[in-house]
Amino acid sequence: MIDIEKAQPVIDKRIPEAGIDLKRISERLFSNSPTFFIRAKPALEHIFSELYHVNEEIRKPYMVLKTLELLCFINASGYECQERLPSFSHAVAEAVKEVHAYINHHFIDEITVGELASKFCISETNLSSCFKRLYGQPAGAYIRAKKLRYAAELLSGRTEMSVGDVAHLVGYGNQSKFASAFRAVYGYSPLEYRRRMKNNASEQKKRFSE
């Protein structure tokens, strides 16, 4: 929740060149609904992924910085009021929500979309189309993204596991395929990403301790 009257003067003072107008953003996104959904995109993944592995002692000021980054992104994105999504039956929607929750808890397991459809008594076609509408990407792609996001968390300092062990943990038997998939999402090889995140953490700690 953002108090526009209190937040706007602070934003104008800290980053006036960004031209962020909270009232205009609110009118643009929430004129028809109290909620607004933005489907997952690499740029948004980048903004949020770094929140999972920031040092605890700088978490609060870092959250402020990431909030400003998100507002800059939304302000420049040109998003408008959300489109109306096609309707699915209540049973299908509930089944897909259950699939989504199951994936979030079991994404490390080896399971196919067909097996998920069978497990939750829904056709694979309905699962695929409804899941994409609700969560912005097909279930299979969502699972892969979860695996790679978890790998990124592990590589960013949560563990000293080798890249090969991380790859195996998230379901990649071939380390080169893991490196290729990881680079496609994060722009760096797993080793480069680990090195950059460690350097970023050191710089952040130094900057906020000054």
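Count residues from 1 along the sequence.
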Derivation and outcome, side chain to side chain donor-acceptor pair (under 3.5 Å), residues Arg183 and Tyr188: CA-CA 5 Å; Arg183 183 188 290 275; Tyr188 304 99; over 6 Å; no
Roughly how far, to the nearest 0.5 Å, is CD of Glu98 from CD1 of Ile122? 9.5 Å
Could you tell me whether Glu192 and Lys198 have a side-chain N and a carboxylate O separated by less than 4.0 Å? no
Check the side chains of Glu115 and Ser118 for a donor-acceptor pair under 3.5 angstrom, ignoring hydrogens and angles. no
Where does the angle between the aromatic ring planes of Phe131 and Tyr142 fall among parallel (under 30°), tilted (30 to 60°) and perpendicular (over 60°)? perpendicular
Mark yes or no for whether Thr67, through its side chain, and Met63, through its backbone, hold a donor-acceptor pair below 3.5 Å. yes
Give, for atom CG of Asp21 and atom CD of Gln8, the distance between the pair rounded to the nearest 0.5 Å. 5.5 Å
In terms of hydrophobic clusters joined by side-chain contacts under 4.5 Å, are Ile4 and Leu71 together? yes
Hey, could you give me the CD/SG distance between Glu17 and Cys72, rounded to the nearest 0.5 Å? 8.5 Å
I need the minimum non-hydrogen distance between Leu155 and Val166, along with the two atoms involved. CD2-CG2, 4.2 Å
Out of Asn104, Leu116, Leu134, which one pairs with Val99 under the side-chain contact (heavy atoms from CB on, under 4.5 Å) rule? Leu116
About how many Å separate NE2 of His106 and NZ of Lys119, when rounded to the nearest 0.5 Å? 7.5 Å
Should the pair Lys146 and Phe107 be classed as cation-pi, given the thresholds of under 6.0 Å to the six-membered ring centre and 45° from the axis? yes
What is the ring orientation for Tyr193 with Phe182, classed by angle as parallel under 30°, tilted 30 to 60°, or perpendicular over 60°? perpendicular
What's the separation between atom CG in Leu154 and atom CG in Asp165, rounded to the nearest 0.5 Å? 10.5 Å
Is the Phe178 to His168 ring centre distance short of 6.0 Å? no
